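Reading through the structure tokens given below for one structure.
No experiment lies behind these values; they were computed from the predicted model shown.
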Amino acid sequence: PWQPILWEPMGGDANQGGHFGPVYILINYALSTVTTNPLFFHGCILAVFVLTAFVLYLIVEEYSKDKTFGLLAATLFVLNYYLHFKSLNWNCFHSHSTNTFTGALSLYFVIRHINTRQLKYLFLSAAAFTLTILNFESAFVFVPALLILFLVSMLKKAINVRRWFILSVV
């Protein structure tokens, strides 16, 4: 009963074609209550796209400690229009842009947690990942990315411990 109320302002199907996306519906509802102008909606999705490029810059800069490399990565992300064609041109595909944004935030917070060992970043990553999963199924691409990130950080830590042990024995 509540889905048509949230979904109908955008002129869509309440069932979303069999997809479960409460965050997707919430974004549609929130933006359509401000105005039903598609240009406003498109501008918001474009802003999310630009914010995603900034988060990508933060990810690369935090991981590699190289601002130039981070700027290059963010610039390549923005310039590669082909990857974002549907989500930037057709408002109904905004879930992919918002998923990329929240998924990138999740990756960034995991990297911050690995570098600082502060638990708050792990909670922020979990919150961003939950939003990503509840938006659309394309979020599951971030599961292996997060697992690989954790695995690499554990291997780096194991190598450092092993190196310290060898040096202390010698």
Would you give the length of the straight line joining atom [atom1] of [X] to atom [atom2] of [Y], rounded to the nearest 0.5 angstrom?
{"X": "L31", "Y": "L26", "atom1": "CG", "atom2": "CG", "value": "9.5 Å"}
{"X": "L122", "Y": "R117", "atom1": "CG", "atom2": "CZ", "value": "10.0 Å"}
{"X": "I59", "Y": "F77", "atom1": "CD1", "atom2": "CZ", "value": "9.5 Å"}
{"X": "L134", "Y": "F129", "atom1": "CG", "atom2": "CZ", "value": "10.0 Å"}

side-chain contact (heavy atoms from CB on, under 4.5 Å) against [X], all qualifying residues, sequence neighbours excluded:
{"X": "V152", "result": "Y63, I148, K156"}
{"X": "T35", "result": "N37, F40"}
{"X": "T75", "result": "L71, L79"}

field: Minimum-distance pair of heavy atoms, taken over all atoms of F69 and S64
entry: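 Closest approach of F69 to S64, heavy atoms only: CD2-OG, 3.8 Å.
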
message: Tell me every residue that passes side chain to side chain donor-acceptor pair (under 3.5 Å) with T102, counting only those two or more places apart in sequence or in another chain.
response: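 With neighbours one apart ignored, the set is T132.
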
task: Please assess L76 against N80 for the test side-chain contact (heavy atoms from CB on, under 4.5 Å), listing each intermediate value before the final yes or no.
output: CA-CA 6 Å; L76 288 175; N80 194 352; over 6 Å; no

Scan the side chains in residues 106-114 for donor-acceptor partners under 3.5 Å anywhere in the protein, sequence neighbours excluded, and list what turns up.
unit_1, atom_1, unit_2, atom_2, d
S106, OG, S125, O, 3.2
S106, OG, S125, OG, 3.0
R112, NH1, E62, OE1, 3.3
R112, NH1, E62, OE2, 3.4
R112, NH2, Y121, OH, 2.9
H113, ND1, Q118, O, 3.0

- prompt: Are any of the side-chain heavy atoms of N99 and F140 separated by less than 4.5 Å?
  reply: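 Heavy-atom side-chain distance check fails, nothing below 4.5 Å.
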
Throw together a table of side-chain donor-acceptor distances under 3.5 angstrom for residues 43-57, partners on residues two or more places apart or in other chains.
unit_1, atom_1, unit_2, atom_2, d
T52, OG1, V48, O, 2.7

